[in-house]
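Below: the structure, in structure tokens.
Source: prediction; values computed, not measured.
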Amino acid sequence: MAALDSLRDVTVDLLVRATRGICDGSLLNADSGRADTSARIDDWAGVLSLYAAENESRSVRATA
């Protein structure tokens, strides 16, 4: 019975560690994605300003 309890404890510990690793990786991916999206929006905002006179009648807005 003690062996089963020990195995259960080890299994739970491994599961918790794996889950934390997945969550940490997901947060890093989300942060990276937000940074990439923000940079692309800034790039496009600069390009759109070149065509502002042609597109005065249209409302274009980009947000992240």
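Under the side chain to side chain donor-acceptor pair (under 3.5 Å) criterion, the residue pairs touching residues 21-32 are Asp31-Arg34, with sequence neighbours excluded. Among residues at least two apart or in separate chains, side chain to side chain donor-acceptor pair (under 3.5 Å) pairs with a member in residues 10-23 are Asp13-Arg17.
Other members of the cluster containing Leu7 do not exist, because no ILVMFWY side chain is joined to it at under 4.5 Å.
Annotation: salt bridge (Lys or Arg N to Asp or Glu O under 4.0 Å) contacts of Asp9 (sequence neighbours excluded): none. In this structure Val10 satisfies the side-chain contact (heavy atoms from CB on, under 4.5 Å) test together with Leu14, sequence neighbours excluded.
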